[in-house]
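In what follows, a structure is listed as structure tokens, so that the remarks can point back to it.
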Amino acid sequence: MTIAASLKKRLKYFDVDVSFSCASKSMMVMIGPSGGGKTTIIRMLAGLEVPDEGRVIFGDEVWFDSTRRIHVTPQKRRLGYVFQDYNLFPHLNLLDNAAFAAVDKKEVDGLFDLFKISHLRKRKPHMVSGGERQRCAMCQALARHPRLLLLDEPFSALDVITRRGLREELKSLKGSLSCPIIYVTHDINEALFLADEILPVVEGKNDDGWMQRTITREPGEGTTAKGAREPRLSLVY
Amino acid sequence: MTIAASLKKRLKYFDVDVSFSCASKSMMVMIGPSGGGKTTIIRMLAGLEVPDEGRVIFGDEVWFDSTRRIHVTPQKRRLGYVFQDYNLFPHLNLLDNAAFAAVDKKEVDGLFDLFKISHLRKRKPHMVSGGERQRCAMCQALARHPRLLLLDEPFSALDVITRRGLREELKSLKGSLSCPIIYVTHDINEALFLADEILPVVEGKNDDGWMQRTITREPGEGTTAKGAREPRLSLVY
Amino acid sequence: MDYLALYVTLKLALVTTVVLMVMAAPIAYLLAYARFPGKSLLEALVYLPMALPPTVIGFYLIIVMSPKGLIGRGWEWLTGGSLLFTFLGITIASIIYSIPFAVSPMKAAFSKIDRRLLENAYVLGLSKRATFLRVIIPNSLSGIAAAAVLVFLHSMGAFGVLLMVGGSIPGETKVASIAIYEAVETMNYQAAGMIALSFIPISYAFLLLINKLNEDSRP
Amino acid sequence: MDYLALYVTLKLALVTTVVLMVMAAPIAYLLAYARFPGKSLLEALVYLPMALPPTVIGFYLIIVMSPKGLIGRGWEWLTGGSLLFTFLGITIASIIYSIPFAVSPMKAAFSKIDRRLLENAYVLGLSKRATFLRVIIPNSLSGIAAAAVLVFLHSMGAFGVLLMVGGSIPGETKVASIAIYEAVETMNYQAAGMIALSFIPISYAFLLLINKLNEDSRP
Amino acid sequence: EKISVAVAANFISAFKEIAADFEAQSGVKVEATFSSTGNFYNQIKNGAPYDMFLSADEQRPDLLQKEGWTEGTFIYARGQAILWSANPDFCKAATWQDALKNNQIKKIAIANPVTAPYGAAAKAALQKAGLWDALQSKVVNAQDIAQSFQYATTFAVDAGFCALSATTSPQGKSGCFYSVPEAPAIVQAACVAKNAKNKKGAELLAAFLSSKYAVKIKAKYGYR
Ligand SMILES: Nc1ncnc2c1ncn2[C@@H]1O[C@H](COP(=O)(O)OP(=O)(O)OP(=O)(O)O)[C@@H](O)[C@H]1O
Ligand SMILES: Nc1ncnc2c1ncn2[C@@H]1O[C@H](COP(=O)(O)OP(=O)(O)OP(=O)(O)O)[C@@H](O)[C@H]1O
Ligand SMILES: [Mg+2]
Ligand SMILES: [Mg+2]
């Protein structure tokens, strides 16, 4: 299965206008400035927002086509979607949250072990830390056996080590899940490590130069604080 | 003014037990594994959670003392606190959110310029991106002229460039704000760049070796995915 | 004291509450989420029974429920029995009379649900109906509790309508509020006060129950 | 048609609604957030006026509001006037009679506010009172709207209590529901129907207004 | 110049006409309040400022006299219970007793005998005819005499004991009725408050109630 999308949507300060495709077992990483339209693009893929124009094709299914007025509801798309603000259900404990739409509820235990939150299974979401909530949201999405995985900064609240571990987990899952994965991150290392393809989104459009500019730009450039310099560390993370 | 705290609190899987102090114009960065107790510590400093034992002294004020049964309410502590999940008020637009407890409402415009969200001042929080919300929360906290600034992963949803800019902004603000700043991050570079002191928190306790272990640990170590290697990039960010 | 009337009252209040909780939820959902022409008219219609004095509602209910009336005739054709002057009849009257109290707090609660939870439910494949049952309802329990309390207590005190539709038949349709009325009218103020007093522990017990249920389900 | 009675009804419903919105909010806040011994008893007490039949409430109200009663005597001492059979008197009666409808949906809405918003308000230095006014109230508007609708409509239809406490003095205490009652009693069903019909546009207009206010303030 | 009068609800129609005539002749404005007798009694005991009270029974005015609210009572009307049905076939039987014995009759309305004088009268008539116990399962209690009539006009019951005054309304004319001489007349007494604000006006109205104009109106509504 391949997801192929070409999306146009008018926003107040710029227009989203991108085209991309992503085959199963591969991962496309979206990266770019805050407010650039990454979440908006993901929401259009999920069917939660309707593009003004364009098409979304998944395998041989048409999910959206503005000319043919086709719009498949999110329900029918069978997605795994980790929202940027990880919307767990406040009335359910972590286990019930993850099992909420699980294909096989027994798998959830395994996922919880993998994500190291087994001991918290009986806690309600507001009783655990931000990173623990985020990991539960990931379990919820995976337990659904999705046909397309949409991950909007799924590890942003995790420490380096946990993040590194899960990132590798995800990379190896990529093959076994056999679905396309769209991944949003602000971490360039993560993008380079995970991506089969990188889509830098700047003001709603693909801007291939963004990565290079970001990596090589001197700190302080284009910002008000001039003299400040960061320590240049060579970190593997 | 200096904040000095020694905190003990029993949690289900470990106990928080730390002591630290932080003088005004300096910044203490807390870093550590997800679920390690960073947010809990910050909440105790804010007075939102009551330690089982310990003391919190700010300058010559006693904010908390378990033996003397003193507990100063959050209201009286005059804090700036950016929550991990940036709790903006949903019924107010960004401008009103930031001006909500501002000492001088006119300053908010300047802060919005600094944080590059001036064009969004009339939007409600759910109408802007995650990173934009986070920046607004920062403005809300600063506009209060706090005596102590508590920042719980305030830039986690920002892209590298914006983050780099704001980080430098914050470093230069440190002097002019003249209040202690407690900062939580998962970004080691950020920690090294900003911190006057680093407090690695592991299972509720200070673990000075954590940083070193994290930086030098090979990827894959201690995780299930063995062979995977990340690209080793030397990035200045 | 008229224990029989108290028993009928309690039974009526419980049945009304249970039935209305189930009936009102979909209406409240429509009013909170659906968009269709004439929606505010439907809403006004739902609320009308409250704005009208009990005598008027009772009057129209008698007309439709009498053996010559639309509903009464249908019922007689189906079951051979009469609706007026039966427990079933006053139950129906009490339900119609209390609809607004059930719908209004539920609608308020439903419309306050965080949109993001609904979006997550849709993405997870839940139909609107399943989302309603599995996400909206469990997160609206405080509003549902408010509705239950209002409906229960209101049907305890309902009197004008019930008197008209029910005909005050002991053990069947004579509720406690009618007994109180009779006592007051015959200047037997002490008896009236006694029955009225007995309402306090009943409403108290019901409140405790509802609050307990509501608290147990707090996130 | 009895326009004067309609006018008194409308005035009464509006005054009752406005006063109760202000009065009920702190009570609902206490019930939602405070912890004190006897809280459920207070709650049961607040809800009691609803569980009792109007005749009983009217009966007791007459006793306390009469020139010999506690409140009536105090009022006469203060102002020289009487409470019974005045517009003020029926307003007080109508307020007491409608308290539960105001408190219950508000309590439900208040208790549903996200704790994190309150914590942020406290951290930003807001007292509990300021938090209530600036955070809880604006985020509970749908519950407050539900309360306003219930109170307004309920005071339109209120009749038993008002007749007892107010008598039916044209232009002062004779509300439309009493006019309907008199029409029904004299078997003038058409006049009764006419006044009842006129309630539909009034409740409709009020609903539209409240819904509009509520929607304007949606996040 | 006005008087405020508390009038038992069953006398509304007649009173409105009488009051209009009275106002025209005397120039005294009449402000009438209609409610149940029990309610008025309670209001008056608690200081309600009525100048005059027209009760639906004799008992309440007598009590008020004992309690010193009034110095004397007088009878202003005598009502009569009838048996009314919306179905003209109902009146084909020879007597009202026979009509009620018919098996087709499923429900009969009477005003609540405990609270309404007309109900008590109807009950007395049924007892005298030996039908009270037999008809227990068919009897439905209405709040007052007007409601009993409502039941009958809406076919909610097959027949109802009503006031003779009901037969003068348009609905009343569309059905048929038996008079029930076995039911004792309902004696309605009135009284003027001792401390009435406008005692003169009230006494004028009291006198007017037995004038030939009032008698004519009362007869029209079935009162003697
Ligand atoms: N519900 C909304 N209605 C209107 N505009 C919105 C809405 N949500 C976001 N926006 C705007 O659309 C633009 C793109 O937002 P989006 O959330 O897609 O950015 P993003 O790339 O995900 O940013 P971030 O990295 O900060 O999460 C921003 O300018 C934002 O203010
Ligand atoms: N409200 C709560 N009640 C009980 N336990 C809690 C609560 N919130 C968090 N915890 C638990 O306390 C521990 C510390 O949580 P805390 O939120 O302080 O971690 P953290 O260091 O901020 O993590 P993260 O980096 O993921 O945000 C965790 O084990 C968590 O499950
Ligand atoms: Mg985003
Ligand atoms: Mg945290």
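Since this is a predicted model, take the numbers as computed values, not measurements. Chain naming here is simple, since letters A, B, ... match the order of the sequence lines and numbering starts at 1 in each.
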Open item on the list: Can you tell me which portion of B/R135 sits under 4.5 Å from chain A's heavy atoms? Options are side chain, backbone, both or neither.
Closed with: side chain
Engaged part of [X] at the chain B interface, taking heavy atoms whose separation is under 4.5 Å:
X      : result
A/S156 : both
A/E132 : both
A/R133 : side chain

Task: Residue A/K8 excluded, over 12 heavy atoms near NZ under 6.0 Å - done: no
- [ ] Hey, could you give me the CG/CG distance between B/D159 and A/D187, rounded to the nearest 0.5 Å?
- [x] 12.0 Å
TODO: With rounding to the nearest 0.5 Å, note down the distance linking CG in A/D85 to NE2 in B/H126.
DONE: 12.5 Å
Open item on the list: Please evaluate residues B/Q134 and A/S34 with respect to the criterion side-chain contact (heavy atoms from CB on, under 4.5 Å), reporting the C-alpha separation (whole Å), side-chain torsions for both, the decisive distance (0.1 Å), and the verdict.
Closed with: CA-CA 10 Å; B/Q134 222 169 23; A/S34 162; over 6 Å; no
Task: From CA spacing to verdict: side-chain contact (heavy atoms from CB on, under 4.5 Å), B/K12, A/H119 - done: CA-CA 10 Å; B/K12 177 113 187 261; A/H119 56 299; over 6 Å; no
Open item on the list: Please check this pair: side chain of A/H186 against backbone of B/A157, looking for a donor-acceptor N/O pair closer than 3.5 Å.
Closed with: yes
